[in-house]
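I have placed the structure first, in the form of structure tokens, so that the comments after it can refer back to it.
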Amino acid sequence: NFDKLNIPKDHPARDMQDTIWIDQKIASGLLLRTQTSPMQIRTMEASEPPIRIVSPGKCFRMEATDATHEWQFHQVEGLAVDKNLTFADLKGTLYEFSRRIFGSGRKVRFRCDFFPFVEPGVDMSIEWEGRWVEILGAGMVHPQVLKNVGYDPDQFTGFAFGVGPERVAMLKYGIEDIRHFFTNDLRFLTQF
Ligand code: YSA
């Protein structure tokens with residue numbers, strides 16, 4: 001979840017996610033994963049480029065919950081590693097994702113963002129009722145991460161993203177509060 005993603009123990013980027021630890025005899029020091037990005041490491045350690053994967057899964061973070069933040073949620077991780085992949089491939093892929101899910105009329109915004117395991121890093125937001133809602137973080141895989149799994153960063157480049165499907169569903173279906181997904185109210189659930 002952290003070390004091989006270039007987030008060392010004393011790095012401030014850990015603070016936001018250094019959260020739900022299980023402290024029992026059978027599972028001491030076990031962290032409920034906060035992001036699906038560790039699947040990048042598992043995939044790259046188990047195989048050689050070229051790589052194209054998507055990996056969905058559940059994540060947990062200690063959050064002060066609000067309309068767009070839950071303490072349990074899902075992410076879908078994407079990773080591509082190959083020769084000659086560029087930021088243009090990342091942007092084209094994510095624009096196409098947005099077009100297919102939301103249609104071509106929906107506005108999309110990229111902004112610089114920081115994740116220690118990418119360089120450069122971005123986040124992507126979708127317009128909703130006059131404001132921007134972030135749906136994913138992404139970037140070019142950091143050369144140090146490629147080295148951590150034994151790849152040669154002079155030979156291979158890659159891009160990756162982690163998208164939150166609850167936020168995507170909210171924007172697509174006009175669901176105003178993410179907490180509806182987990183309260184099991186039949187009036188909500190039976191609408192879909
Ligand atoms: C960045 C770069 C990469 O190369 C690959 C992946 C990433 C994303 C990074 N691992 C990450 O977790 N970024 S994030 O904290 O901004 O979360 C990504 C997305 O997950 C958010 O845009 C949102 O859609 C969803 N998310 C995060 N925390 C959430 C949440 N959804 C609901 N509740 C929360 N508390």
Side-chain angles (χ1 to χ4, degrees), residues 1-7 11-20 31-44 51-81 85-87 89-91 93-94 97-98 101-102 108-126 128 131-146 148-149 151 153 156-172 175-183:
N1 200 80
F2 297 127
D3 299 78
K4 288 189 179 173
L5 287 167
N6 205 26
I7 315 177
H11 197 289
R14 266 202 196 202
D15 290 352
M16 283 181 291
Q17 299 189 17
D18 197 5
T19 51
I20 304 178
L31 175 77
L32 295 182
R33 71 166 172 200
T34 63
Q35 51 184 354
T36 45
S37 296
M39 288 311 294
Q40 294 183 30
I41 302 294
R42 291 186 193 282
T43 305
M44 291 190 283
I51 286 173
R52 306 276 190 283
I53 59 128
V54 285
S55 177
K58 189 139 189 178
C59 305
F60 305 84
R61 290 182 198 177
M62 196 185 75
E63 296 271 18
T65 57
D66 60 25
T68 52
H69 292 85
E70 255 292 7
W71 66 271
Q72 51 171 336
F73 56 98
H74 295 80
Q75 285 187 345
V76 181
E77 193 79 8
L79 171 70
V81 183
L85 285 178
T86 69
F87 194 76
D89 296 301
L90 164 81
K91 236 176 151 179
T93 303
L94 294 178
F97 168 77
S98 167
I101 298 273
F102 299 110
V108 179
R109 182 182 75 177
F110 275 94
R111 278 190 316 186
C112 293
D113 203 346
F114 174 73
F115 305 97
F117 41 97
V118 290
E119 181 56 40
V122 291
D123 62 42
M124 187 173 117
S125 301
I126 304 290
W128 189 41
R131 67 192 177 100
W132 294 105
V133 178
E134 182 207 297
I135 60 159
L136 61 85
M140 298 305 291
V141 182
H142 197 289
Q144 186 59 48
V145 172
L146 296 174
N148 289 350
V149 296
Y151 291 1
F156 296 107
T157 52
F159 69 83
F161 57 86
V163 56
E166 282 89 6
R167 297 243 185 114
V168 172
M170 289 173 77
L171 292 165
K172 192 167 167 78
I175 297 162
E176 75 286 354
D177 196 311
I178 198 169
R179 289 167 288 200
H180 287 315
F181 287 104
F182 299 100
T183 42

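Hydrogens, waters and symmetry mates are skipped; everything else that's a heavy atom, side chains included, is used. When a ligand or atom number is given, it counts from 1 through the structure's own listing order. Worth saying up front: this structure is predicted, and the values here are computed from it rather than measured.
- Every residue two or more places apart in sequence or in another chain was checked for a ring pair (Phe, Tyr, Trp, His ring centres under 6.0 Å) with Tyr151, and none qualifies.
- Of the inter-residue distances, the one linking His74 atom NE2 with Arg167 atom CZ reads 14.5 Å to the nearest 0.5 angstrom.
- Under a cutoff of 6.0 Å and an axis angle of 45°, Lys58 and Phe73 do not form a cation-pi pair.
- Partner of Ser37 under the side chain to side chain donor-acceptor pair (under 3.5 Å) criterion, chosen from Gln75, Lys4, Glu77: Glu77.
- The side chain to side chain donor-acceptor pair (under 3.5 Å) analysis of residues 131-140, with sequence neighbours excluded, yields no pairs.
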Could you go through ligand 1 and note, for every N or O atom, any protein N or O atom closer than 3.5 angstrom, writing the atom names and distance to 0.1 Å, or 'none'?
| unit_1 | atom_1 | unit_2 | atom_2 | d |
| --- | --- | --- | --- | --- |
| ligand 1 | 4 (O) | Ala160 | O | 3.4 |
| ligand 1 | 10 (N) | Gln35 | OE1 | 2.7 |
| ligand 1 | 10 (N) | Ser37 | OG | 2.9 |
| ligand 1 | 12 (O) | Arg61 | NH2 | 2.9 |
| ligand 1 | 12 (O) | Gln75 | NE2 | 3.1 |
| ligand 1 | 15 (O) | Arg61 | NH1 | 2.9 |
| ligand 1 | 15 (O) | Arg61 | NH2 | 3.1 |
| ligand 1 | 16 (O) | Glu134 | OE2 | 3.3 |
| ligand 1 | 17 (O) | Gln75 | NE2 | 3.3 |
| ligand 1 | 20 (O) | Gln75 | NE2 | 3.1 |
| ligand 1 | 22 (O) | Glu134 | OE2 | 2.4 |
| ligand 1 | 22 (O) | Ile135 | O | 3.3 |
| ligand 1 | 22 (O) | Leu136 | N | 3.2 |
| ligand 1 | 24 (O) | Ile135 | O | 3.0 |
| ligand 1 | 24 (O) | Gly164 | N | 3.3 |
| ligand 1 | 33 (N) | Glu70 | N | 3.0 |
| ligand 1 | 35 (N) | Glu63 | OE2 | 2.8 |
| ligand 1 | 35 (N) | Glu70 | O | 2.8 |

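- Listed by first and then second residue, the side chain to side chain donor-acceptor pair (under 3.5 Å) pairs involving residues 108-125 amount to none (not counting sequence neighbours).
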